[in-house]
Amino acid sequence: MNSAILQLLVLAGIAIFLILRLKSVLGTRDGFEGPPRSQQAPGAPQRRDSFEVIEGGPDYDIIDNVPEESDSAKALAEMKRIEPAFNVTEFLQGARGAYEMILLAFERGQLDDVAPFLEEDVYEAFAQVLDAREEQGLSVEAEFLGLRETKLTEATLDEVDNRAAITVRFVAELTSVVRDSNGEVVEGDPRQPRRQKDSWTFERVMGSDDPNWRLVATGE
């Protein structure tokens, strides 16, 4: 065998070795990596994001939170039709933050900080409790420890004015201590967390310029 053929065989062997090594390295990456948009063939259908609803398919953003085909599911679907940017999961995340903020503002007597998020009737009801507390010389020290549950329990939509109402059940843990005018504890224990259950209803007109959901009703 002459030297030229031998050199070709050696080079071919090296090339095969490098190709196998390259495949083994590329094969170790986890997950699917779609091609960049600029590399997709002209006219090819665009890849859908995993959270985008395929037309005619189930909307998991809705049915992960309420039963499929329920009245609440239908109301949420209509909210999305009116306002495509609306997302149920993101709403619940915002509701969690609003619950903590409003609850602590009430406990600490700082309602003015959250007034834009309260319907007038709710604000007045909270304010009356705070006024009665102040008349008795009582003060509250509260710390929010976290939420154990956030569950969407009902959703409705008024087709006349597109007013949406979503009720969320919260189960929270916090410490709360009531002190008298002398600083003595009359209720609660700063070392003993208590569990609080609330059912709050938030409202907003879908498609309006005002992005804020307002608390319109409270209960257990």
Q: CD of E149: more than 12 outside heavy atoms within 6.0 angstrom?
A: yes

Q: Shortest non-hydrogen contact from R96 to T150?
A: NH1-OG1, 2.9 Å

Q: Give the minimum heavy-atom separation between E68 and P58, together with the two atoms involved.
A: OE2-CB, 4.4 Å

Q: Give the cluster check for V177 versus L174: same hydrophobic cluster or not, with ILVMFWY residues linked at side-chain heavy-atom distances below 4.5 Å.
A: no

Q: Please give me the minimum heavy-atom distance between E107 and A142, naming the atom from each residue.
A: CB-CB, 3.7 Å

Q: May I ask you to test the V114-L215 pair for a side-chain heavy-atom distance under 4.5 Å?
A: no

Q: Is V216 linked to L152 within one hydrophobic cluster, defined over Ile, Leu, Val, Met, Phe, Trp and Tyr using a side-chain heavy-atom separation of less than 4.5 Å?
A: no

Q: Is there a continuous path of hydrophobic side-chain contacts, each under 4.5 Å between heavy atoms, that joins L138 to L111?
A: no

Q: How many angstroms lie between CE in M79 and CZ in R163, if you round to the nearest 0.5 Å?
A: 12.0 Å

Q: Please identify which of these residues, W213, F117, F170, F106, meets the ring-ring contact (aromatic ring centres under 6.0 Å, His included) condition with Y99.
A: F170

Q: Is there a donor-acceptor pair under 3.5 Å between the side chain of S199 and the backbone N or O of G219?
A: no

Q: Any carboxylate oxygen within less than 4.0 angstrom of a Lys/Arg side-chain nitrogen, looking at R194 and E187?
A: no

Q: To the nearest 0.5 Å, what is the distance between CG (D71) and CG (L157)?
A: 12.0 Å

Q: Counting only heavy atoms from other residues, nucleotides and ligands, does the tally under 6.0 Å from CZ of R148 exceed 12?
A: no

Q: Please answer whether the main-chain N or O of I166 pairs with a side-chain N or O of R204 as donor and acceptor at a distance below 3.5 Å.
A: no

Q: Would a 4.5 Å heavy-atom cut-off, applied to side chains only, mark Y60 and V88 as touching?
A: no

Q: Judged by atom type as modelled, is there a donor-acceptor pair below 3.5 Å linking the side chain of E83 to the main-chain atoms of G207?
A: yes

Q: Check S72 against T153 and note the closest heavy-atom contact, atom names and distance.
A: OG-O, 4.4 Å

Q: Given 3.5 Å as the limit, does a donor-acceptor pair link the side chain of R214 with the main chain of P116, or not?
A: yes

Q: How far does CD1 of I63 sit from OG of S70, to the nearest 0.5 angstrom?
A: 10.5 Å

Q: List the atom of P67, the atom of A73, and the distance in Å for their closest heavy-atom pair.
A: O-CB, 3.4 Å

Q: Treat each ILVMFWY residue as a node, draw an edge where side-chain heavy atoms are under 4.5 Å apart, and state whether V140 and V186 are in one component.
A: yes

Q: Could you check whether any side-chain heavy atom of V168 comes within less than 4.5 Å of a side-chain heavy atom of W200, counting everything from C-beta outward?
A: no

Q: Group every Ile, Leu, Val, Met, Phe, Trp and Tyr by side-chain heavy-atom contacts under 4.5 Å, then state whether V178 and V129 land in the same group.
A: no

Q: So, D61 side chain and T89 main chain: donor-acceptor pair closer than 3.5 Å or not?
A: yes

Q: Mind listing the closest non-hydrogen atom pair of Q196 and D198 along with its distance?
A: NE2-OD2, 3.0 Å

Q: When you measure from the side chain of D158 to the backbone N and O of V160, does any donor-acceptor pair fall under 3.5 Å?
A: yes

Q: Return the CD1 to CZ distance between I102 and F202, rounded to the nearest 0.5 Å.
A: 5.5 Å

Q: What's the separation between atom CD1 in I62 and atom CD in E69, rounded to the nearest 0.5 Å?
A: 10.5 Å

Q: To the nearest 0.5 Å, tell me how far E78 CD sits from E159 CD.
A: 6.5 Å

Q: Are R169 and E154 close enough for a salt bridge, meaning some N to O gap below 4.0 Å?
A: no

Q: Report the C-alpha distance between V171 and L147 in whole Å, list the side-chain angles of each, state the deciding distance to 0.1 Å, and finish with yes or no for side chain to side chain contact (heavy atoms under 4.5 Å, CB included).
A: CA-CA 6 Å; V171 179; L147 277 164; 6.0 Å; no

Q: Taking atom CD as the centre, does Q110 end up with more than 12 heavy-atom neighbours from other residues, nucleotides or ligands that are less than 6.0 angstrom away?
A: yes

